[in-house]
Amino acid sequence: MSGEEEGRRYHGVEVAVRTLGGAKASRVMHPGNQKIDTHKHDWACITIALVGSGREVFEGGEARLDGPCAILHPAGSYHGDEIGPSGLETFSIQFDPEWLGGGPGLKSGRSSAWTGAGAAAVARRLAAAWNEPGRPESALKEATVEFVRRASGLAPAATPAWIERIREETGGIPTLSTAELARRVGLHPVWVARSYRRAMGEGLADARRRHRVAAAAQLLRRSDKRLAEVAAASGFCDQSHMNRNFLEVLGRTPLQVREERRLFAAQVSPAA
């Protein structure tokens with residue numbers, strides 16, 4: 001990680017995806033129930049939430065890291081995090097502003113967060129670009145500039161109370177059906193499903209799948225349970241069902257995530 005970091009209690013694993021002269025991308029995996037003290041980086045940083053949950057506080061606001069969302073921290077801006085019980089995996093892109101050539105969203109010195117459908121589309125495209133093997137540096141610069149430009153133009157949108165309740169319910173019990181979730185908020189299931197997707201950039205089935213993958217990933221990294229036991233404990237039909245969901249959500253198999261356990265054993269303290 002480039003640059004100065006201050007006041008940080010961090011017990012997680014960072015796996016490099018791509019490293020360039022003035023930028024780098026990595027997967028960052030945090031164990032559950034962890035607090036990361038206020039800190040800053042010398043480089044600007046884009047964080048894209050993948051699975052799990054958390055809350056990031058920064059000057060001028062905060063962001064809930066649960067579902068499609070992205071955060072941009074200009075170089076030198078302070079922020080701190082609280083990680084939820086199921087842990088949190090993010091895709092992080094750090095870059096020297098000079099490498100990117102400046103641009104909207106980088107000159108104000110303030111952090112920005114985007115949640116929902118608009119953020120989901122641009123964040124997924126950016127992560128896909130950085131994950132593509134052999135993609136030239138010029139194309140990665142272009143994709144990153146496009147993200148900053150498009151994300152900076154997104155207007156903040158208030159989240160209806162019923163969506164917030166469904167997010168809480170889905171995170172707590174990821175097996176709840178759409179019909180049951182709609183009953184709990186007193187709305188029609190079809191309307192709930194369509195409105196949730198329009199607002200959040202993912203369907204309710206996608207949200208449930210994300211939470212099951214997060215729970216399974218934590219078990220794979222922190223326990224000795226067999227894959228079939230992990231699948232059953234996390235709400236999957238069977239091990240094959242878990243394999244398909246992991247590939248769709250994380251682009252890795254449960255066995256590959258299990259192999260990350262040794263990285264956690266080496267870098268994550270027992271108290272984390």
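Computed from heavy atoms alone, side chains included, the values below leave out hydrogens, waters and symmetry copies.
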Undergrad: Hey, any chance Trp114 and Val57 share a hydrophobic cluster, counting ILVMFWY side chains that come within less than 4.5 Å of each other, even indirectly?
TA: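 Not linked; separate clusters.
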Undergrad: In the structure I gave you, are the side-chain heavy atoms of Thr144 and Lys141 within less than 4.5 Å of one another anywhere?
TA: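 Of all side-chain heavy-atom pairs linking Lys141 with Thr144, none is under 4.5 Å.
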Undergrad: Same hydrophobic cluster for Phe147 and Leu20, using side-chain heavy-atom links shorter than 4.5 Å among ILVMFWY?
TA: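 Linked within one cluster.
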Undergrad: Short question: side chain of His41, backbone of Trp43 - any donor-acceptor pair under 3.5 Å?
TA: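 It does not hold such a pair.
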Undergrad: Applying side chain to side chain contact (heavy atoms under 4.5 Å, CB included) to Val15 and Leu263, what does each step give before you reach the verdict?
TA: CA-CA 9 Å; Val15 178; Leu263 300 176; 4.2 Å; yes
Undergrad: Please evaluate residues Thr115 and Met200 with respect to the criterion side chain to side chain contact (heavy atoms under 4.5 Å, CB included), reporting the C-alpha separation (whole Å), side-chain torsions for both, the decisive distance (0.1 Å), and the verdict.
TA: CA-CA 7 Å; Thr115 301; Met200 298 306 301; 4.1 Å; yes
Undergrad: Does the distance from a Lys or Arg side-chain N to an Asp or Glu carboxylate O, for Arg165 and Glu169, drop under 4.0 Å?
TA: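 Looking at Glu169 together with Arg165, the answer is yes, because their closest N to O distance falls below 4.0 Å.
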Undergrad: So, Arg64 and Glu168, do they make that salt bridge, N to O below 4.0 Å?
TA: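 Yes, this pair counts.
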Undergrad: Could you walk me through whether Phe91 and Arg27 pass side chain to side chain contact (heavy atoms under 4.5 Å, CB included), step by step?
TA: CA-CA 5 Å; Phe91 191 80; Arg27 288 188 289 106; 4.3 Å; yes
Undergrad: Pro68 versus Arg124: any side-chain heavy-atom pair under 4.5 Å?
TA: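 Yes, side chains in contact.
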Undergrad: Any idea how His73 and Phe58 line up, ring-wise: parallel (<30°), tilted (30 to 60°), or perpendicular (>60°)?
TA: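 Geometry flag for Phe58 against His73: perpendicular rings.
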Undergrad: So for atom CZ, which belongs to Arg194, do other residues, nucleotides or ligands contribute more than 12 heavy atoms lying within a distance under 6.0 Å?
TA: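 Open.
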Undergrad: If hydrophobic clusters are built by linking Ile, Leu, Val, Met, Phe, Trp and Tyr wherever their side-chain heavy atoms come under 4.5 Å apart, do Leu187 and Leu204 end up in the same one?
TA: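 As far as the 4.5 Å side-chain criterion goes, Leu204 and Leu187 are connected within one cluster.
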Undergrad: When you look at CD of Glu142, are more than 12 heavy atoms from neighbouring residues, nucleotides or ligands closer to it than 6.0 Å?
TA: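 No - once you tally the heavy atoms of other residues, nucleotides and ligands closer than 6.0 Å, there are 12 at most.
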Undergrad: Backbone N or O of Asn245 within a donor-acceptor pair of the Arg212 side chain at under 3.5 Å?
TA: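 Such a contact is absent between Arg212 side chain and Asn245 backbone.
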Undergrad: Please say whether the positively charged group of Arg222, taken as NZ for Lys or CZ for Arg, lies over the ring of Phe264, i.e. under 6.0 angstrom from the six-membered ring centre and within 45 degrees of the axis.
TA: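 Pair Arg222/Phe264 does not count as cation-pi.
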Undergrad: Between the side chain of His79 and the main-chain N/O of Lys40, is any donor-acceptor distance below 3.5 Å?
TA: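 Here the side-chain-to-backbone pair does not exist.
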Undergrad: Check this for me: Lys225, atom NZ, are more than 12 non-hydrogen atoms of other residues, nucleotides or ligands nearer than 6.0 Å?
TA: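 No, not enclosed.
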Undergrad: I'd like to know whether Tyr196 forms a side chain to side chain contact (heavy atoms under 4.5 Å, CB included) with Glu202, so could you lay out the CA-CA distance, the side-chain angles of the two residues, the decisive distance to 0.1 Å, and finally the verdict.
TA: CA-CA 8 Å; Tyr196 187 90; Glu202 68 174 359; 4.2 Å; yes
Undergrad: Is it the case that the side chain of Asn131 and the backbone of Ala128 share a donor-acceptor pair, with hydrogens and angles ignored and the cut-off at 3.5 Å?
TA: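 Checked: no pair found.
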Undergrad: Got Leu181 and Val192 here, is their nearest side-chain heavy-atom distance under 4.5 Å?
TA: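 Side chain of Leu181 against side chain of Val192, heavy atoms only: no contact under 4.5 Å found.
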